[in-house]
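Notes follow the structure.
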Amino acid sequence: MTLALITGASSGIGLELARIARADGHQTIVVANEPAIHTAAADLGAEVVEADLATPEGIAAVLTHLGGRDVDLLMLNAGTGMGHSFLDQDPAGIDHVVLTNVLGVLRLAHPIGRRMRARGEGHILITGSIAGFMPGTFQAIYNASKAFLNNFALALNEELKDTGVSVTCLMPGITDTAFFERAGLLDTALGQMKNKDDPEMVARAGYDAMLAGRAQMTPGLKNKAQAAMAEILPAGMVAKAHRQMAKPQDE
Ligand SMILES: NC(=O)c1ccc[n+]([C@@H]2O[C@H](COP(=O)([O-])OP(=O)(O)OC[C@H]3O[C@@H](n4cnc5c(N)ncnc54)[C@H](OP(=O)(O)O)[C@@H]3O)[C@@H](O)[C@H]2O)c1
């Protein structure tokens, strides 16, 4: 039986990815940091690891749970954001965003990716963001972490060309999940935006792109246009525009 491992599967996009993987008949392992992951796992009929992927111990817990099994579908989706200005943010919170979004991905992609390459098969999906194309005024650490992931995923995919292993970067736009509340962004235009994308639609687009071995997927025309604009416009102009979207009401 094929094995799928999905991080950040307790809610939002990751929960939808896990639902699709289960419906597709894969043995599934779901990972997240809070106890709610156990409820999700029970509903899904999935194996579960409760682990903080920002820590070496959390990564070790996932690898120990795997116990030497090969992963066929690796979906590195766990991520967290943080609004407000960099100098007003809690230093521990800054560390947690960077460690989760960057090292939490690299530390699983490396050992599991090596095994995939040795077998000559496997698919990796990394959840980046169109935010990675934008200097993220009032969300600077998060956007920078996603710029890292977008860039890293595309490079890794190219490195693994002709090995049988693909790496797909899912770059969603604004999606209707708990992300904004958890990032302290509810008092911003970004957090209050209507018509956010449906996480099920986003997950489906990412999952299908992963199976097709595509290098990248930005779901939705509006998001594709926004990403393209961000790449064309001078970065300083994009940073100014981001101020309007992520500026807290009290700034
Ligand atoms: N929503 C958007 O507009 C949007 C747009 C582009 C990209 N994304 C990306 O999509 C991914 C999923 O986010 P979402 O929107 O679905 O938000 P979400 O509902 O808040 O889901 C985030 C998931 O990541 C897990 N997680 C966070 N920190 C973790 C840690 N240190 N260790 C283990 N698990 C951790 C959370 O689990 P716990 O609750 O247990 O911490 C949760 O399962 C993230 O990478 C996010 O950056 C979101």
Side-chain angles (χ1 to χ4, degrees), residues 1-9 13-14 16-18 20-31 47 53 59-60 62-79 100-133 144-173 201-221 223-224 227-228 230-232:
M1 181 176 267
T2 48
L3 183 60
L5 192 158
I6 301 129
T7 69
I13 298 166
E16 299 301 336
L17 285 169
I20 296 169
R22 284 298 290 140
D24 237 6
H26 302 292
Q27 178 74 21
T28 300
I29 304 172
V30 292
V31 184
E47 298 174 40
L53 296 172
I59 300 291
V62 175
L63 297 176
T64 301
H65 181 92
L66 267 177
R69 285 178 290 171
D70 285 317
V71 177
D72 299 283
L73 306 177
L74 174 63
M75 294 173 241
L76 297 170
N77 163 82
T100 300
N101 295 7
V102 177
L103 279 184
V105 169
L106 302 185
R107 285 172 172 163
L108 287 177
H110 195 267
I112 298 172
R114 275 190 170 190
R115 291 182 64 112
M116 285 180 172
R117 184 181 61 180
R119 273 166 46 230
E121 61 180 356
H123 295 292
I124 301 175
L125 181 72
I126 293 177
T127 307
S129 173
I130 64 167
F133 298 117
S145 76
K146 291 294 169 176
F148 182 101
L149 288 184
N150 292 354
N151 191 301
F152 166 72
L154 287 163
L156 183 60
N157 183 57
E158 186 59 29
E159 285 182 14
L160 290 173
K161 196 167 172 253
D162 302 328
T163 64
V165 182
S166 66
V167 182
T168 303
C169 189
L170 172 61
M171 296 181 276
M201 177 283 285
V202 172
R204 169 54 68 188
Y207 187 89
D208 289 349
M210 171 183 68
L211 290 192
R214 291 182 57 177
Q216 54 186 304
M217 164 52 67
T218 297
L221 259 183
N223 298 322
K224 285 186 176 69
E231 292 222 280
I232 293 165

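Counting begins at 1 with the first residue of the sequence. Since we're looking at a predicted model, the values are computed, not measured.
Of the possible donor and acceptor atoms, one in the side chain of Lys224 sits under 3.5 Å from a partner among the backbone N and O of Thr218. No donor-acceptor pair closer than 3.5 Å links the side chain of Asp24 to the backbone N or O of Ile20. Judged by distance alone, the side chain of Lys161 and the main-chain N or O of Leu156 form no donor-acceptor pair under 3.5 Å. Judged by distance alone, the side chain of Thr7 and the main-chain N or O of Ala78 form a donor-acceptor pair under 3.5 Å. Between the Asn150 side chain and the Ser129 main chain, a donor and an acceptor come within less than 3.5 Å of each other. A donor-acceptor pair under 3.5 Å is formed between the side chain of Arg115 and the backbone N or O of Gly68. Of the possible donor and acceptor atoms, none in the side chain of Arg114 sits under 3.5 Å from a partner among the backbone N and O of Ala118.
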side-chain contact (heavy atoms from CB on, under 4.5 Å) between Leu170 and Met210: does it pass, once the steps are laid out?
CA-CA 9 Å; Leu170 172 61; Met210 171 183 68; over 6 Å; no
Set out, in order, the CA-CA distance, both residues' side-chain angles and the distance that settles side-chain contact (heavy atoms from CB on, under 4.5 Å) for Ser166 and His123, then state yes or no.
CA-CA 5 Å; Ser166 66; His123 295 292; 2.7 Å; yes
Starting from the C-alpha separation in whole Å, work towards a yes-or-no answer on side-chain contact (heavy atoms from CB on, under 4.5 Å) for Met171 and Phe133.
CA-CA 10 Å; Met171 296 181 276; Phe133 298 117; 3.6 Å; yes
How far apart are the C-alpha atoms of Val105 and Ile126, what are their side-chain angles, what is the distance that settles it, and do they pass the side-chain contact (heavy atoms from CB on, under 4.5 Å) test?
CA-CA 8 Å; Val105 169; Ile126 293 177; 4.2 Å; yes
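Here the shortest heavy-atom pairing between Met1 and Gly25 reads CE-O, 4.0 Å. Of all the heavy atoms in Gly8 and Asn77, the pair that sits closest is O-ND2, 3.1 Å. The nearest pair of heavy atoms linking Thr100 to Gly79 is CG2-CA, 4.2 Å. Across Ala21 and Met75, no two heavy atoms sit closer than the pair CB-CE, 4.2 Å. Contact between Ile29 and Arg69 at its shortest, heavy atoms only, is CD1-NH2, 3.8 Å. When all heavy atoms of Ala147 and Gly132 are compared, the pair lying nearest together is CB-O, 3.2 Å.
Here the CG atom belonging to Leu63 is positioned 6.0 Å from the CG atom belonging to Leu108, to the nearest 0.5 angstrom. Atoms CG and CG, from Leu53 and Leu76 in turn, are 9.0 Å apart once rounded to the nearest 0.5 Å. The distance from the CE atom of Met116 to the CD1 atom of Ile124 is 5.0 Å, given to the nearest 0.5 Å. Taken from CD in Glu47 to CG in Leu66, the straight-line distance is 8.5 Å, to the nearest 0.5 Å.
Heavy-atom neighbours of Arg22 CZ from other residues, nucleotides or ligands within 6.0 Å: above the threshold of 12.
Annotation: side chain to side chain donor-acceptor pair (under 3.5 Å) contacts of Asn151 (sequence neighbours excluded): none. Every residue was checked against the side chain to side chain donor-acceptor pair (under 3.5 Å) condition with Asn157, not counting sequence neighbours, and none meets it. Judged as a salt bridge (charged side-chain N to carboxylate O under 4.0 Å, His left out), and not counting sequence neighbours, the contacts of Arg204 are Asp208.
The shortest distance between side-chain heavy atoms of Tyr207 and Val202 does not fall below 4.5 Å. No side-chain heavy atom of Leu149 sits less than 4.5 Å from a side-chain heavy atom of Cys169. Looking at His26 and Leu3, their side chains never come closer than 4.5 Å, going by heavy atoms from C-beta outward. In this structure the side chain of Phe152 never reaches within 4.5 angstrom of the side chain of Val167, judged on heavy atoms.
Residue Leu5 is tested with Val71, Leu73, Asp72 for a side-chain contact (heavy atoms from CB on, under 4.5 Å); the sole match is Val71.
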